[in-house]
Amino acid sequence: MTQVPVVTLNDGYQMPAIGLGTFQIRGGAGVNQILAAITDGYRSLDTATNYDNEGAVGEAIRRSGIPRAEFFVTSKLPGKYHRYADATMAIQESLYRLGLDYFDLYLIHWPLPKRDHYVEAWQAMIDAQKRGLIRSIGVSNFEPEHLDRLINETGVTPAVNQIEVHPYWVQERMLKEDTQRGIVTEAWSPLGRGSSALMEPVVQQLAQKYQKNVGQIILRWHVQRGIVPIPKSRNLAHQRANLAVFDFSLTSEEIQAINGLSKTDGRIDNQDPNEYEEFE
């Protein structure tokens, strides 16, 4: 079983340096897939209310027989619950679905600035944290102006900003912005969700050089940039391989070569956080 290093957050808590994304992993099959990942060494499990699978994640944790304290469980607040009272109840309902007493990390899923209730949602999370329902609070898909508004209006800096990062959307700007504020950057869709990035010659050549698969090269690229990737996979062999990225290192030149794959239109679904209206 792979031992995963940890990253220390700005609130003093630690999170594993890689996690399991669970988007589209649901039901009985999902429980078995998550359970297999836990057996292979995953302890960081990333879910969301909008994934409709918090129950499956909680069931896998229970079936594993591993103490709750060894897991790092993340979920996310959907846009329809940004109002203070709604957010407060949504946090509690998510915990009931998971069968847990607290979250290790809870995120606002999207800022939805056109609706402009994300500060209210953030205050509800701050208060839930004070009550012991959440250990670390953070955000997802937030831009610098959204981060600064939270910090300026509440005095509380997010611990994590989970954003889209992969070789076609490198996010140097946001990584720098997060780092300047002491925020850890997490990557959703770190492999590009089926994009042709895995077929790029530079990635293929590095895989040959290091005797790794292309996914492992890209995940290592994230780790060395100080990003926590949360790859999703139902495939048990892929899950296992995705953890095996801590026994080699890329050179700074190789990291820059992968950075060079970034595209101005590299987003997977063109989800601009300033414009995107989250599904409900």
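The figures here come from the full heavy-atom set of this structure, side chains too, leaving out hydrogens, waters and symmetry mates.
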Report task. Scan for salt bridge (Lys or Arg N to Asp or Glu O under 4.0 Å) pairs involving residues 179-195, sequence neighbours excluded, and state none if there are none. Result -> D148-R181, E177-R181, R193-D269

Report task. Step by step, work out the side-chain contact (heavy atoms from CB on, under 4.5 Å) result for E143 and R173. Result -> CA-CA 10 Å; E143 293 286 300; R173 176 186 67 93; 2.8 Å; yes

Euclidean distance, [Y] [atom2] relative to [X] [atom1], rounded to 0.5 Å:
| X | Y | atom1 | atom2 | answer |
| --- | --- | --- | --- | --- |
| F142 | D178 | CZ | CG | 11.5 Å |
| R26 | R234 | CZ | CZ | 8.5 Å |
| E164 | Q271 | CD | CD | 6.5 Å |
| W110 | L77 | CH2 | CG | 14.5 Å |
| T88 | R83 | OG1 | CZ | 13.5 Å |
| R97 | D52 | CZ | CG | 8.5 Å |

Report summary line: Applying salt bridge (charged side-chain N to carboxylate O under 4.0 Å, His left out) to R62 and not counting sequence neighbours gives E59

Assigning hydrophobic clusters by single linkage (Ile, Leu, Val, Met, Phe, Trp, Tyr; side-chain heavy-atom cutoff under 4.5 Å), is [X] placed with [Y]?
| X | Y | value |
| --- | --- | --- |
| I218 | M174 | yes |
| L243 | Y210 | yes |
| L20 | I230 | no |

Heavy-atom pair of closest approach, residues [X] and [Y]:
| X | Y | answer |
| --- | --- | --- |
| R225 | Q171 | NH2-C, 4.2 Å |
| F103 | S75 | CE2-CB, 3.5 Å |
| G215 | L191 | O-CD2, 3.6 Å |
| F71 | D104 | O-OD2, 3.2 Å |

Is [X] salt-bridged to [Y], cutoff N-O under 4.0 Å?
| X | Y | value |
| --- | --- | --- |
| D116 | R149 | yes |
| D247 | K212 | yes |
| K76 | D46 | yes |

Query raised in the report: Judged by modelled atom types alone, do Q224 and R220 share a side-chain donor-acceptor pair under 3.5 Å?
Result: yes

Query raised in the report: Can you find a side-chain donor-acceptor pair between N53 and T47 that sits under 3.5 Å?
Result: yes

Would you say the side chain of [Y] lies within less than 4.5 Å of the side chain of [X], judging by non-hydrogen atoms?
| X | Y | answer |
| --- | --- | --- |
| M15 | V160 | yes |
| E145 | P113 | no |
| T185 | L175 | yes |

Query raised in the report: Does the separation of the ring centres of H146 and Y118 fall below 6.0 angstrom?
Result: yes

Requested in this report: Please work out which of the three classes, parallel, tilted or perpendicular, describes the rings of Y168 and H166, given edges at 30° and 60°.
Outcome: perpendicular

Report task. Report the relative orientation of the aromatic rings in Y51 and H109; use parallel for angles under 30°, tilted for 30 to 60°, perpendicular for over 60°. Result -> perpendicular

Requested in this report: Apply side-chain contact (heavy atoms from CB on, under 4.5 Å) to I137 and W122, showing your working.
Outcome: CA-CA 8 Å; I137 55 176; W122 186 241; 3.5 Å; yes

Query raised in the report: For S233, does its backbone N or O pair with a side-chain atom of Q239 as donor and acceptor, under 3.5 Å?
Result: yes

Query - Worked verdict on L95 versus D101 for side-chain contact (heavy atoms from CB on, under 4.5 Å) - result: CA-CA 6 Å; L95 287 171; D101 294 328; over 6 Å; no

Query raised in the report: Between Y102 and R68, is there a cation-pi geometry (under 6.0 Å to ring centre, at most 45° from the normal)?
Result: yes

